[in-house]
*Asks:* 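To start, I am sharing the structure in question, which I have written as structure tokens.
Below, all heavy atoms of this structure are taken into account, side chains as well, without hydrogens, waters or symmetry copies. Sequence lines set the chain letters: A, B, ... in the order given, protein chains first and strands last, and positions in each chain run from 1.
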Amino acid sequence: MVDYSSFHITPEEEEATREFLKRVMDAVDNDETGISIVDEERMAQFVLCDTILRKLLKGSAVRIDTIPHDDYSSVGTILVLAKQLVIRDPELFARAMSMASNYEICPRTDGYIEFAVTFYGMTKKFKEDGDEV
Amino acid sequence: MKFDSFQSAVKAIKEISGRLPDSLVLDEQRVSSLRQYCSVFDKMLCDFCGENIEFAVDPDSLELIVTVIVENFTIDSPRRLVYSELLSRAVAVSFQRYDDDHLSIIYEFPSLWVLAG
């Protein structure tokens, strides 16, 4: 499982992250289609990355959208909209991004920049006989 | 002061050293460490359709400022390690829109000067 202590977040932030993870997992369980199941460890990485980004980008991001899981999709996305992203702890940023599959920053024509962080493998398939992988 | 290559920046940085108080000395190890990332910056220009790279020294903090103008910034698994190392060397990094088609990425590196002794 994720080692929260290595990411320099406060106990309160860790508690909030764990609670957010639990809410996400509960929501996914209640909405389960039966085709795939959420990879809890991958989801924990996604939620922790979201926590760290919100901490690092506080004050510079205009909007942060967190999309952990869609039906029939194994991709989780964190979308950030900002005029300028200023990161005062680049090492922590790099470590947070190391959990993601990829990330991209690109300019928009409306004067903003868009920062997208993508997590693949958010779900895992059941075996054909119906047993969990 | 602004320069278009790390080599010319280093040359000017050494000249600056002569005008600073004797209590500050140029840290050759930091200069050498940053020099190896020049190839990373050059690669950034290639990978992300970059147009320009500029080196500057902040007159107050003496930090080295590197500004790169690129069309986009996409980091996937093969690139992650080298850019993570680059990020870990910086004290700050910022991303902002340069124009409709380009991003400006500004890296701030620690001062190349340290207290003597």
Side-chain angles (χ1 to χ4, degrees), chain A residues 6-8 42 45-46 48-49 52-64 74-122, chain B residues 30 33-34 36-37 40-41 43-53 56 58 61 63-111:
Chain A
S6 65
F7 284 92
H8 309 296
R42 194 73 177 126
Q45 291 176 336
F46 176 85
L48 176 58
C49 184
I52 293 170
L53 278 181
R54 288 178 187 273
K55 177 177 177 172
L56 287 174
L57 302 179
K58 190 176 180 181
S60 60
V62 172
R63 191 177 81 210
I64 299 178
S74 67
V75 180
T77 308
I78 302 170
L79 286 173
V80 180
L81 186 68
K83 283 272 191 180
Q84 181 186 35
L85 294 174
V86 181
I87 298 163
R88 295 284 174 202
D89 192 340
E91 184 176 3
L92 180 60
F93 176 75
R95 294 187 63 227
M97 291 301 102
S98 70
M99 294 189 286
S101 300
N102 58 50
Y103 60 101
E104 181 179 42
I105 304 173
C106 56
R108 289 165 43 134
T109 56
D110 59 2
Y112 290 88
I113 58 173
E114 189 172 274
F115 172 33
V117 185
T118 305
F119 280 72
Y120 298 134
M122 297 290 278
Chain B
R30 285 189 188 178
S33 175
L34 278 179
Q36 66 182 317
Y37 288 107
V40 177
F41 289 121
K43 198 165 186 326
M44 277 183 72
L45 291 177
C46 292
D47 286 352
F48 308 128
C49 302
E51 287 207 345
N52 188 34
I53 183 167
D58 185 290
S61 66
E63 285 181 347
L64 182 70
I65 313 291
V66 182
T67 304
V68 189
I69 308 297
V70 295
E71 282 190 6
N72 62 70
F73 187 69
T74 304
I75 301 298
D76 50 18
S77 186
R79 296 187 178 117
R80 184 171 307 149
L81 185 59
V82 65
Y83 287 112
S84 291
E85 285 192 22
L86 183 66
L87 283 173
S88 66
R89 294 289 190 273
V91 296
V93 60
S94 67
F95 301 86
Q96 61 191 53
R97 182 179 166 278
Y98 182 77
D99 59 30
D100 279 357
D101 301 312
H102 295 90
L103 272 176
S104 163
I105 307 174
I106 302 173
Y107 296 89
E108 296 174 25
F109 292 99
S111 170

*Asks:* Heavy atoms, side chains only, cut-off 4.5 Å: are B/His102 and A/Pro107 in contact?
*Replies:*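 Not in contact.
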*Asks:* Looking at B/Val70, B/Leu81, B/Asp101, B/Ile75, which makes the most heavy-atom pairs under 4.5 Å with chain A?
*Replies:*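 Sorted descending by pairs with chain A, the first entry is B/Ile75.
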*Asks:* Give a yes or no on this: more than 12 heavy atoms of other residues, nucleotides or ligands lie within 6.0 Å of atom OH of B/Tyr98.
*Replies:*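 No, the 6.0 Å shell around OH holds no more than 12 heavy atoms from other groups.
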*Asks:* Let's test your reading of the structure: which of B/Asp76, B/Val93, B/Asn72, B/Val91 forms the most heavy-atom pairs below 4.5 Å with chain A?
*Replies:*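 Winner by heavy-atom pair count: B/Val93.
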*Asks:* Report, as yes or no, whether the 6.0 Å neighbourhood of atom OH on A/Tyr112 holds more than 12 heavy atoms from other residues, nucleotides or ligands.
*Replies:*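 Atom OH in A/Tyr112 is not crowded, with 12 or fewer foreign heavy atoms closer than 6.0 Å.
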*Asks:* Using heavy-atom distances under 4.5 Å, tell me whether A/Arg88 contacts chain B through its side chain, its backbone, both, or neither.
*Replies:*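 Looking at A/Arg88, backbone and side chain both touch chain B.
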*Asks:* Taking side chain as C-beta onward, heavy atoms only, is A/Ile113 less than 4.5 Å from B/Leu103?
*Replies:*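 They are in side-chain contact.
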*Asks:* Are side-chain heavy atoms of B/Phe95 and A/Val86 found at a separation under 4.5 Å?
*Replies:*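 They are not in contact (no side-chain heavy atoms under 4.5 Å apart), so the answer is no.
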*Asks:* Check residues 89-101 of chain A and write down every donor-acceptor pair under 3.5 Å in which the side-chain atom is one partner and the other belongs to a residue at least two apart or another chain.
*Replies:*
residue, atom, partner, partner atom, Å
A/Asp89, OD1, A/Leu92, N, 3.2
A/Arg95, NH1, A/Ser6, O, 2.3
A/Arg95, NH2, A/Ser6, O, 3.1
A/Arg95, NH2, A/Ser6, OG, 3.3
A/Ser98, OG, A/Arg95, O, 2.5
A/Ser101, OG, A/Arg42, NH2, 3.0
A/Ser101, OG, A/Tyr120, N, 2.8

*Asks:* Ignoring hydrogens and geometry, is there a side-chain-to-backbone donor-acceptor pair from B/Arg97 to A/Arg108 under 3.5 Å?
*Replies:*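 Between the backbone of A/Arg108 and the side chain of B/Arg97 there is a qualifying donor-acceptor contact (under 3.5 Å).
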*Asks:* Under a 4.5 Å heavy-atom cutoff, which of B/Arg89, B/Glu85, B/Glu71, B/Gln96 has the most pairs with chain A?
*Replies:*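 Heavy-atom pair counts peak at B/Gln96.
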*Asks:* To the nearest 0.5 Å, how far apart are CD1 in B/Ile105 and CD1 in A/Ile105?
*Replies:*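 Taking CD1 in B/Ile105 and CD1 in A/Ile105, the distance rounds to 6.5 Å.
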*Asks:* Of the listed residues (B/Asp100, B/Ile106, B/Leu86), which shares the most heavy-atom pairs with chain A below a 4.5 Å separation?
*Replies:*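 Option with the top pair count is B/Asp100.
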*Asks:* With the side chain counted from C-beta on, respond yes when A/Tyr103 and B/Phe73 share a heavy-atom pair under 4.5 Å apart, and no when they do not.
*Replies:*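 In contact.
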